[in-house]
Every structure is written in C-alpha cells, then in structure tokens.
Amino acid sequence: MHVPERVTTNRLKGNGVVLFRVDIKGNLTGVSVYKSSGLPDLDAAAVASVRRAAPFPPPPRGLIAPINFNYTSN
C-alpha cells in the first residue's frame, strides 16, 4: 500500500479496516472503509490498494464471508 506523503512526512498514525467482497471468479464487487483510520487520505489509499490488487484468485467454493484488510501507518 502506498502511504500518502502527508501521513509519512507528518508522522501521522492511524489504524483502519477496509471491507471488500469478491465474486466466485475473484472479481472485486465492492470495497468500503469499515473502520476509518481517522486519516481520510490513508483510508483512500487503502481502498485504492484493494482496487489495484483486483482481480483476486477465486475464493474457496462455498465461502461466503467478507474479507477485511487491516492497515496501519507507523
């Protein structure tokens, strides 16, 4: 994940969670911030990272569960 320059330059800290879903073929069908880090540009970078990573490998057959992506700036 590319951490925004403002976050690294100012040594801002935040923890967040992005929730995303993929279909049976591994295509991204939805992505949203589930728990904000409190830093809007860090949240946007996390969402963008998930979008760039798509498509994903197909999930195991029968798996119906949201996928959480936890992110932290240090």
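Residues His2 and Arg52 come closest through the heavy atom pair N-NH2, 4.2 Å. Of all heavy-atom pairs between Ser49 and Met1, the closest is OG-CG, 3.1 Å.
Put simply, the side chain of Asp43 reaches to within 4.5 Å of the side chain of Tyr71, judged on heavy atoms. The shortest side-chain heavy-atom distance between Phe56 and Val50 falls under the 4.5 Å cut-off.
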Identify all side-chain donor-acceptor contacts of residues 24-32 below 3.5 Å with residues at least two apart in sequence or on another chain.
from  : atom 1 : to    : atom 2 : distance (Å)
Asn27 : ND2    : Asp23 : OD2    : 3.3
Thr29 : OG1    : Arg21 : O      : 3.3

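In this structure Asp41 satisfies the side-chain contact (heavy atoms from CB on, under 4.5 Å) test together with Pro4, Arg6, Val7, Leu39, sequence neighbours excluded.
For the atom pair CG of Asn15 and NZ of Lys35, the computed distance is 5.5 Å after rounding to the nearest 0.5 Å.
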